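Scroll down for the structure; my scribbles are underneath it.
Side chains included, hydrogens not; waters and symmetry mates left out as well; all remaining heavy atoms used. Numbering of ligands and ligand atoms starts at 1, following listing order. What you are looking at is a predicted structure, and each value in this text was computed from that prediction instead of being measured.
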Amino acid sequence: MEPEFTYDLLIVGGGINGAGIARDAAGRGLAVALCEQGDFGGATSSASSKLIHGGLRYLEHGELHMVRHALREREALLAIAPHISRQVRFVLPHVRELRPAWMIRLGLLLYDHLGARSSLPPSQAIDLQASPYGEALKPELRKGFVYSDGWIDDARLVILNLRSAVLHGATVLPRTRFVTAHPEHRGWVARLQSTDGRWTDVRARVLVNAAGPWVDEVLSATSATTARPRVRLVKGSHIVVRRLYEGEHAYLLQNDDRRVVFVIPFGANHTLIGTTDLAVNSPLTPMTISPPEVEYLCEAVGRYLRTAVSPKQVVWSYAGVRALFNDHHQNPSSVTRDYTLALDQVQGSTVLSVLGGKLTVYRRLAEAALAKLERWLEPSRGTWTAGEPLPGGALGAGGMSGLIEALRARHPGVPPALVHTLAQRHGTLTDAVLRSVRSEADLGIHFGAQLFEREVDYLIRHEWAQTGDDVLWRRTKAGLDMSEAERIRLDQYVRERVASQSMEPSPARGGG
Ligand SMILES: Cc1cc2nc3c(=O)[nH]c(=O)nc-3n(C[C@H](O)[C@H](O)[C@H](O)COP(=O)(O)OP(=O)(O)OC[C@H]3O[C@@H](n4cnc5c(N)ncnc54)[C@H](O)[C@@H]3O)c2cc1C
């Protein structure tokens, strides 16, 4: 007799890949549970460069297939998440000794056309001395190229996928660790432990291991034999400094080790610089940037920009681990960024592991994962996630500017700059955040950097925020513009609020 499974899928890991699979599967009518040991998006998926891109540099490694797919996904993501993403023009200063101009021109031509029907402006060669794009650069740089890519708020992308999954019926469990699972009746019984010490057993037909840097560890906990590590761990770090130049364009700087460093506007007042590539042995390696990495990034900028950057100017930094599919390349920068989906059978029970990947391709990865699992599941519909905006993303014909105008008209008592900030975080859900707010006084405590009690409560209630860091560095980046004292006050507020709400029934459902 077929046993009763509570869930079709138990997904381990609430990074972008777990969240994307949960959304897709729940929308196909499957019974989905997802557990995340920490905060959603709290590991690699909030530590990226936040680019939705094909990766110009990967053309050099011959990864045409991956770049093509990623460029197509760039279009899809800009369309389903228009409130948390934007197009960016990248300026690539030319240095003859590093790469010949013909090679860059050829690469950009490919990049323009590989994705097919791109809505983004094409690349062009520019005279840096005559172009405003050259103003921030050293005067000796004369020639350059401009091309287009996308940027997205990575941590919010995770949250929006999870919110969509919940709207489609998924159960999501923050701060709940998958400890072990044993096969039973061609399915799994998994043991989960939440941070308050509670244990739960979950029965699921299929296990999806989307544990990122912990993927090998989770696989071992299912008794699947892992003869050798399936992923290579490569740490990457970023620094943030006060804004280095005017304008919304970014720079792609060629380094003399043949790597590239991105310099990207970050919020209204800051510039993001990254990244590094360092092989590490454990996901538990302290996830902080090291002084040599800071030096490396400052030097890269110093070679190109008029304004030098010193380690003392760094106001924030973050580091994350890429879990890359182990293709046995020696150099961490050369290991493929493409993903592999590995199926294992343990005594007739199925576990699917996600190895590698990019933020950019998470949606396609989710589709591929469900295609691989089709014979064990009975979805009620086919692929759907490319055609349905993420929560808050159905902006209508007027796009972002139309939405902001309409929000300002609907909320005349709210400062226009705050409406603008909220719209870029919540899109059409801004109305839910501002429900019954008539004047600034209704917004409650101002914690600094346009972060008000009203929004913080919303993030706790609908977006699973439970600590100050969840709010300051993932649901928003307000932490960047706040003083230490303001951040401590916010953290205390969040903890007290969460403690008082734990008495109330089920949060984080619905659109607010
Ligand atoms: C420095 C850097 C820059 C990058 N830049 C870009 C970029 O610009 N564009 C791009 O497309 N990609 C980029 N990437 C790649 C991208 O960030 C990753 O591919 C993506 O975030 C991986 O998501 P994930 O869900 O697989 O892993 P994670 O985000 O790491 O999620 C895995 C989750 O599993 C949880 N977990 C682990 N073990 C357990 C357990 N036992 N129980 C419960 N939960 C568990 C972890 O806590 C974690 O939250 C970058 C990566 C790095 C490191």
Side-chain angles (χ1 to χ4, degrees), residues 10-22 33-55 57-58 66 69-70 73-74 77 88 149-152 154-155 157-158 161-162 172-181 190-195 207-222 231 233-238 250 260 262 264 272 274-278 280 283-284 287 289 293 297 317-325 332 337-339 353-366 369 474:
L10 171 63
I11 301 167
V12 181
I16 191 58
N17 287 326
I21 295 169
L34 176 148
C35 67
E36 163 56 50
Q37 64 187 355
D39 182 26
F40 294 125
T44 320
S45 296
S46 54
S48 80
S49 303
K50 305 168 205 319
L51 298 177
I52 36 176
H53 63 162
R57 156 178 112 73
Y58 306 130
M66 184 187 83
H69 282 303
E73 272 311 286
R74 185 180 70 179
L77 292 195
V88 182
D149 249 327
W151 186 94
I152 199 155
D154 52 4
L157 184 65
V158 175
N161 271 279
L162 288 169
V172 305
L173 306 165
R175 294 175 158 92
T176 303
R177 199 167 105 79
F178 165 90
V179 179
T180 183
R191 296 225 76 193
L192 312 181
Q193 187 180 31
S194 57
T195 38
L207 200 61
V208 174
N209 173 6
W214 292 266
V215 74
D216 283 326
E217 195 178 283
V218 165
L219 200 54
S220 314
T222 64
V231 289
L233 302 182
V234 179
K235 177 188 169 195
S237 304
H238 291 82
V260 293
F262 297 111
I264 309 167
L272 177 69
T275 168
T276 55
D277 265 336
L278 290 174
V280 292
L284 300 174
M287 273 313 118
I289 193 167
E293 287 179 281
L297 294 174
S317 62
Y318 59 85
V321 177
R322 306 173 181 87
L324 305 177
F325 174 60
R337 264 51 177 173
D338 212 349
Y339 65 80
S353 299
V354 175
L355 312 173
K358 308 264 309 157
L359 192 73
T360 310
V361 294
Y362 84 90
R363 202 197 57 79
R364 279 289 299 256
L365 182 150
R474 287 184 286 276

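Residues Glu73 and Val361 share a closest heavy-atom pair of CG-CA, 4.1 Å. The minimum heavy-atom distance linking Ser48 with Tyr318 is given by the pair O-OH, 2.8 Å. Of all non-hydrogen atoms in Ile11 and Gly18, the two that sit nearest each other are CG2-CA, 3.7 Å. The two residues Gln37 and Thr195 have their closest heavy-atom pair at O-CG2, 4.5 Å. Here the closest non-hydrogen pair linking Ser49 and Trp151 is O-NE1, 4.0 Å. Thr276 and Ser237 make their closest contact through OG1-N, 2.9 Å (heavy atoms, listed as atom of the first residue, atom of the second, distance).
Near Cys35, meaning under 4.0 Å from one of its heavy atoms, ligand 1 places the atoms 43 (C), 44 (N). Those atoms of ligand 1 with a heavy atom of Gly236 less than 4.0 angstrom away are 1 (C). Remark: ligand 1 atoms within the under-4.0 Å shell around heavy atoms of Thr275 are 1 (C). With ligand atoms numbered from 1 in the order given, ligand 1 contributes 37 (C), 38 (N), 46 (C) to contacts under 4.0 Å with heavy atoms of Trp214. Atoms of ligand 1 found under 4.0 Å from any heavy atom of Pro213, numbered from 1 in the order shown, are 30 (O). Taking a cut-off of under 4.0 Å to the non-hydrogen atoms of Gly320, the atoms of ligand 1 that pass are 53 (C). If you number the atoms of ligand 1 from 1 as listed, the ones under 4.0 Å from a heavy atom of Ala211 come out as 32 (C), 34 (O), 37 (C), 38 (N). Each of the atoms 8 (O) of ligand 1 lies under 4.0 Å from some heavy atom of Lys50.
Look at Lys235 and you'll find every heavy atom at least 4.0 Å from all atoms of ligand 1. Using a non-hydrogen distance threshold of 4.0 Å, Glu217 does not register as a contact of ligand 1. Proximity of Thr176 to ligand 1 is established by a heavy-atom distance of less than 4.0 Å. The closest approach between Val354 and ligand 1 stays at or above 4.0 Å for every heavy atom of the residue.
The shortest contact between atom 33 (C) of ligand 1 and any protein heavy atom is with Glu36 OE1, 3.4 Å. Taking atom 16 (C) of ligand 1 as the reference point, the nearest protein heavy-atom neighbour is Leu359 N, 3.7 Å. Nearest protein neighbour of atom 53 (C) of ligand 1, counting heavy atoms only, is Arg322 CG, 3.2 Å. Looking only at heavy atoms of the protein, atom 44 (N) of ligand 1 is closest to Gln37 N, 3.0 Å. Distance from atom 27 (O) of ligand 1 to its nearest protein heavy atom, with residue and atom name: Gly212 CA, 3.6 Å. Given atom 34 (O) of ligand 1, the protein heavy atom at minimum distance is Gly13 CA, 3.2 Å. Leu51 O, 3.6 Å is the protein heavy atom nearest to atom 7 (C) of ligand 1. For atom 21 (O) of ligand 1, the closest heavy atom belonging to the protein is Ser45 OG, 2.9 Å.
Atom CG in Leu51 sits 4.5 Å away from atom CD1 in Ile264 (nearest 0.5 Å). Interatomic distance, Leu34 CG to Ile21 CD1, rounded to the nearest 0.5 Å: 9.0 Å. Distance check, rounded to the nearest 0.5 Å: CG of Asn209 to CD of Glu217 gives 10.0 Å. Atom CZ of Arg363 sits about 11.5 Å away from atom CD1 of Ile16, to the nearest 0.5 Å.
Closest to atom 17 (O) of ligand 1 by heavy atom, among Ser48, Ala319, Pro283, Gly41, is Ser48. For atom 30 (O) of ligand 1, the nearest non-hydrogen atom from the set Val12, Leu233, Leu365, Thr44 belongs to Thr44.
Side-chain contact between Val354 and Val215: absent, with no pair of heavy atoms (C-beta onward) separated by less than 4.5 Å. Considering only heavy atoms from C-beta on, Pro283 comes within 4.5 Å of Leu233 through its side chain. Side-chain contact between Asn17 and Tyr339: absent, with no pair of heavy atoms (C-beta onward) separated by less than 4.5 Å.
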Problem set entry | Audit row: Thr360, His53, side chain to side chain donor-acceptor pair (under 3.5 Å) steps and yes/no | CA-CA 6 Å; Thr360 310; His53 63 162; 4.7 Å; no
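Note: no N/O pair closer than 3.5 Å links Ala47 and ligand 1 by distance alone. Distances between N or O atoms of Thr360 and those of ligand 1 include at least one value under 3.5 Å. Annotation: Gly38 places no N or O atom under 3.5 Å from an N or O atom of ligand 1; distance criterion only.
Using a 4.0 Å cut-off between heavy atoms, Ser46 makes no contact with ligand 1 at all. With a heavy-atom cut-off of 4.0 Å, Ala70 does not touch ligand 1 at all.
Remark: Lys235 engages Glu293 in a salt bridge, criterion side-chain N to carboxylate O under 4.0 Å.
In this structure, the side chain of Thr44 engages the main chain of Val321 through a donor-acceptor pair within 3.5 Å.
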